[in-house]
Amino acid sequence: MKSLNEIMSSEIINRRLSNANKYDMPFHSNAKTDNGWKISIQGKSISDSVFLYERLNQYLDNNEIPFKLATKKRYDARNINKEQSQKAMTIYCVDGTHIMNLCEDVYSLIMDYKGWHDIKTPTRYKHYAGGVFYRNDRNETGEYIPAK
């Protein structure tokens with residue numbers, strides 16, 4: 001049986017992202033991700049979020065990897081917090097997965113993505129390749145470390 005992620009068309013995703021009252025639309029939020037590792041892919045518009053969804057959804061869905069897509073509300077927040085408003089997609093590294101392997105898999109699926117161009121590396125993130133940036137948001141005792 002196909003999951004909801006597998007059957008949502010780009011048109012539906014675009015409409016939901018455009019009309020959402022929250023900053024992000026989460027997917028697979030039940031997966032265990034206590035390790036703190038995450039990937040951020042920068043972007044400037046809903047079309048960037050839709051592009052990333054089209055390219056990455058099947059891989060992320062098949063591997064039950066949680067992620068969230070930026071909505072119009074996040075992009076519209078550019079004047080409030082420019083850096084946060086440019087996170088088109090956040091992918092959370094499932095426990096037991098090596099972050100560098102996840103980065104490589106993600107990058108291999110979006111090598112031609114251009115939406116991240118002209119956006120600075122987000123605070124506390126490291127650049128992997130192309131639009132893929134990663135960081136660990138936990139310290140050695142497991143406490144959350146904010147990006148700023």
Side-chain angles (χ1 to χ4, degrees), residues 2-94 97 99 102-139 142-148:
K2 288 187 176 187
S3 71
L4 181 60
N5 288 9
E6 291 176 307
I7 59 175
M8 278 202 274
S9 69
S10 298
E11 181 181 319
I12 292 170
I13 289 295
N14 191 336
R15 190 169 40 252
R16 287 189 178 183
L17 294 175
S18 295
N19 296 326
N21 290 325
K22 51 190 175 179
Y23 291 104
D24 301 295
M25 181 182 291
F27 296 83
H28 294 306
S29 55
N30 294 332
K32 189 161 174 52
T33 59
D34 294 336
N35 59 53
W37 287 106
K38 62 183 174 180
I39 294 172
S40 178
I41 304 170
Q42 306 303 94
K44 301 173 186 136
S45 68
I46 291 292
S47 61
D48 290 333
S49 294
V50 171
F51 175 92
L52 294 169
Y53 177 84
E54 289 171 342
R55 290 295 185 86
L56 295 169
N57 179 57
Q58 184 174 4
Y59 167 79
L60 297 171
D61 190 53
N62 289 346
N63 292 285
E64 298 182 12
I65 297 171
F67 67 97
K68 62 184 180 182
L69 292 171
T71 66
K72 184 176 183 306
K73 185 173 181 174
R74 176 167 296 284
Y75 292 116
D76 286 349
R78 249 172 277 207
N79 297 331
I80 300 166
N81 185 337
K82 186 172 180 92
E83 187 170 284
Q84 289 295 317
S85 72
Q86 296 175 323
K87 290 185 177 183
M89 180 182 245
T90 303
I91 301 169
Y92 299 93
C93 187
V94 176
T97 300
I99 186 64
L102 181 58
C103 285
E104 184 60 27
D105 289 350
V106 167
Y107 175 65
S108 71
L109 294 167
I110 62 165
M111 292 172 90
D112 60 338
Y113 173 60
K114 306 274 190 263
W116 68 280
H117 288 221
D118 303 325
I119 298 176
K120 290 178 15 182
T121 299
T123 303
R124 298 191 195 240
Y125 280 82
K126 293 181 181 172
H127 184 222
Y128 179 78
V132 178
F133 300 86
Y134 68 98
R135 84 175 185 108
N136 193 307
D137 66 7
R138 305 287 170 190
N139 66 16
E143 294 178 52
Y144 177 73
I145 304 167
K148 284 191 173 190

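Counting begins at 1 with the first residue of the sequence.
Using a 4.5 Å heavy-atom cutoff, the side chains of Thr71 and Asn21 are not in contact. Contact of the Asp24 side chain with the Arg74 side chain is registered, since non-hydrogen atoms from C-beta on lie closer than 4.5 Å. At least one side-chain heavy atom of Leu56 sits less than 4.5 Å from a side-chain heavy atom of Ile91. Residues Asp48 and Tyr75 form a side-chain contact, since some pair of their non-hydrogen atoms from C-beta on lies under 4.5 Å apart. Ile39 places a side-chain heavy atom less than 4.5 Å from the side chain of Cys103. Between Ile41 and Val106, some side-chain heavy-atom pair lies under the 4.5 Å cut-off. The shortest side-chain heavy-atom distance between Lys44 and Ile119 falls under the 4.5 Å cut-off. Side-chain contact between Ile12 and Arg15: present, with at least one pair of heavy atoms (C-beta onward) separated by less than 4.5 Å.
Figure legend: Lys73 and Tyr23 shown as a cation-pi pair, the cationic atom lying under 6.0 angstrom from the six-membered ring centre and within 45 degrees of its axis.
The distance from the CG atom of Leu52 to the CH2 atom of Trp116 is 12.5 Å, given to the nearest 0.5 Å. Between Asp61 atom CG and Tyr53 atom OH the span is 7.5 Å, to the nearest 0.5 Å. Interatomic distance, Cys93 SG to Arg135 CZ, rounded to the nearest 0.5 Å: 14.0 Å. Phe27 contributes atom CZ, which lies 10.0 Å from atom CG of Leu60 (distance to the nearest 0.5 angstrom). The OG atom of Ser49 sits 5.5 Å away from the CG atom of Leu69 when rounded to the nearest 0.5 Å. Taking CG of Asn136 as the start and OH of Tyr125 as the end, the distance is 10.5 Å to the nearest 0.5 Å.
Nearest approach of Lys87 to Ala70, heavy atoms of both residues: O-CB, 3.1 Å.
Asn62 places a side-chain N or O within 3.5 Å of a backbone atom of Gln58 that can act as its donor or acceptor partner. Distance alone, capped at 3.5 Å, places no donor-acceptor pair between the Asn63 side chain and the Ile65 backbone.
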- Task: Before giving the answer on side chain to side chain contact (heavy atoms under 4.5 Å, CB included), spell out for Asn35 and Thr97 the whole-Å C-alpha distance, their side-chain angles and the decisive distance to 0.1 Å.
- Result: CA-CA 10 Å; Asn35 59 53; Thr97 300; over 6 Å; no

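For residues 106-116, every residue pair satisfying the salt bridge (charged side-chain N to carboxylate O under 4.0 Å, His left out) rule, not counting sequence neighbours, is listed here: Arg55-Asp112.
Not a single side chain to side chain donor-acceptor pair (under 3.5 Å) links Thr90 to another residue, sequence neighbours left out.
Contact check on Asp76 versus Lys72 returns a salt bridge, with a Lys/Arg side-chain nitrogen under 4.0 Å from an Asp/Glu carboxylate oxygen.
Ring geometry for Tyr128 versus Tyr134: interplanar angle over 60°, hence perpendicular rather than tilted (30 to 60°).
Within 6.0 Å of the CD atom in Glu64, the count of heavy atoms belonging to other residues, nucleotides or ligands does not exceed 12.
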